[in-house]
Amino acid sequence: MVNFENSGAAAVEGPGHWVRGRTDVDVETCVRVLAEVHQRDGYPVNWPDRPGEWLSQASGCGAWVAELDGRVVGHISLSQAGEGDLAPGLWSDRNGTSEDLTAVVSRLFIAPRARGLGIGALLIGRAVDEAHVRGLHPVLDVVASDTAAAALYERLGWELMGTVEQRWSPSQLMTIHCYAAAS
């Protein structure tokens, strides 16, 4: 079921949970949830100096949170391609078009206590819907070691476009999977 709020942003509901646009008030709570995820799963690989800014910098096209019983338990962002994003280039090369026609899905995380309820799929669906409304094709990068995230994307029909090595620092070479949403 989809409800439209006064802001024009859709809220997507599921059994006991829903997805809505992230507000500035949500950022602090999102940082706490992200810290839980980082401690348990190591995401993000490198903890940002300013996690609130890190969450916000990737939300140029939108950001959403998932709530479960009135508590924020998940997050996702959507933005135009930026420096370091690999999937937009692969998708544009493959389709003979511009990276400007992609939207990057990022900053997806779900609180450990809320996993297995379909919240990740709801958040991804919301970001994909927004990309399509904007006439953009959703893509994403994920570190190869994050097998749970890769499995979720593949379950949802995302296509693995390639795997590349990316240098994050002089001492950190990462293997990255690049995905595109199904056409």
Side-chain angles (χ1 to χ4, degrees), residues 2 10 12 14 17-22 30 33-34 36-38 40-46 54-55 57-66 68 72-95 97 99 101-166 168 173-183:
V2 177
V12 182
H17 54 273
W18 58 294
V19 173
R20 62 170 174 77
R22 186 194 72 206
C30 289
V33 174
L34 182 63
E36 290 175 32
V37 170
H38 179 71
R40 178 176 171 168
D41 304 322
Y43 175 82
V45 172
N46 298 319
W54 182 80
L55 286 175
Q57 74 187 20
S59 61
C61 297
W64 300 270
V65 294
L68 177 63
V72 171
V73 295
H75 180 275
I76 197 165
S77 293
L78 186 70
S79 63
Q80 291 290 137
E83 184 179 337
D85 291 323
L86 301 171
L90 288 178
W91 186 85
S92 64
D93 288 348
R94 175 182 278 191
N95 291 283
T97 188
E99 289 184 21
L101 296 177
T102 63
V104 178
V105 175
S106 65
R107 310 309 196 247
L108 172 63
F109 55 91
I110 309 298
R113 69 186 175 282
R115 293 181 183 166
L117 301 174
I119 292 171
L122 281 176
L123 284 165
I124 290 169
R126 181 62 187 94
V128 167
D129 287 349
E130 181 65 23
H132 289 156
V133 164
R134 292 171 177 262
L136 303 172
H137 194 87
V139 298
L140 60 85
D141 297 338
V142 62
V143 293
S145 60
D146 194 346
T147 56
L152 172 63
Y153 304 136
E154 291 174 11
R155 243 186 349 267
L156 295 175
W158 286 63
E159 176 188 357
L160 177 63
M161 296 183 293
T163 300
V164 297
E165 299 292 320
Q166 186 178 41
W168 286 6
L173 182 65
M174 301 299 294
T175 302
I176 307 293
H177 293 315
C178 300
Y179 285 90
S183 297

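Please read these numbers as outputs of a predicted model, since none were measured by experiment.
Among residues two or more places apart in sequence or in another chain, the side chain to side chain contact (heavy atoms under 4.5 Å, CB included) test is passed with Arg113 by Glu36, Arg71, Val73, Ala111. Take Cys61 and apply the side chain to side chain contact (heavy atoms under 4.5 Å, CB included) test, not counting sequence neighbours, and it matches Leu78, Gln80, Arg134. Take Thr175 and apply the side chain to side chain donor-acceptor pair (under 3.5 Å) test, not counting sequence neighbours, and it matches Glu165.
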Please walk me through it: do Ile124 and Leu152 pass side-chain contact (heavy atoms from CB on, under 4.5 Å)?
-> CA-CA 10 Å; Ile124 290 169; Leu152 172 63; 3.6 Å; yes

How far apart are the C-alpha atoms of Val65 and Val19, what are their side-chain angles, what is the distance that settles it, and do they pass the side-chain contact (heavy atoms from CB on, under 4.5 Å) test?
-> CA-CA 6 Å; Val65 294; Val19 173; over 6 Å; no

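The shortest non-hydrogen separation linking Leu34 to Pro44 is CD1-CD, 3.7 Å. When all heavy atoms are compared, the tightest approach of Ala114 to Ile119 is O-CD1, 3.7 Å. Contact between His132 and Pro138 at its shortest, heavy atoms only, is NE2-CD, 3.8 Å. Considering all non-hydrogen atoms of both residues, Asp141 and Gly84 come closest at OD2-O, 3.9 Å. When every heavy atom of Ile76 is checked against every heavy atom of Ala127, the shortest pair comes out as CD1-CB, 4.0 Å. Closest non-hydrogen pair, Ser92 versus Glu99, comes out as OG-CG, 3.5 Å.
Atoms OG and CH2, from Ser77 and Trp54 in turn, are 8.5 Å apart once rounded to the nearest 0.5 Å. Atom CG of residue Leu140 and atom CD1 of residue Ile176 lie 11.0 Å apart, to the nearest 0.5 angstrom. For the atom pair CG (Asn46) and NE2 (His38), the distance works out to 8.0 Å, reported to the nearest 0.5 Å. For the atom pair CE (Met174) and CG (Leu86), the distance works out to 12.0 Å, reported to the nearest 0.5 Å. Expressed to the nearest 0.5 Å, how far OH of Tyr153 lies from CG of Leu108 amounts to 4.5 Å.
At least one side-chain heavy atom of Arg22 sits under 4.5 Å from a side-chain heavy atom of Leu55. Side chains of Trp91 and Thr97 form a contact here, defined as non-hydrogen atoms less than 4.5 Å apart. Proximity of Tyr43 to Val142: side-chain heavy atoms (C-beta onward) are nowhere separated by under 4.5 Å. Under the 4.5 Å side-chain criterion, counting only non-hydrogen atoms from C-beta, Gln57 is not in contact with Ser79. Using a 4.5 Å heavy-atom cutoff, the side chains of Phe109 and Cys30 are in contact. Under the 4.5 Å side-chain criterion, counting only non-hydrogen atoms from C-beta, Leu122 is not in contact with Trp64. For the pair Leu123 and Ile110, the minimum side-chain heavy-atom distance is below 4.5 Å. Val37 places a side-chain heavy atom less than 4.5 Å from the side chain of Pro112.
Under the 3.5 Å distance criterion, the side-chain polar atoms of Asp146 are left unmatched by any main-chain donor or acceptor of Val143.
Between Thr163 and His177, the side chains place a donor N or O and an acceptor N or O closer than 3.5 Å (distance only, hydrogens not considered).
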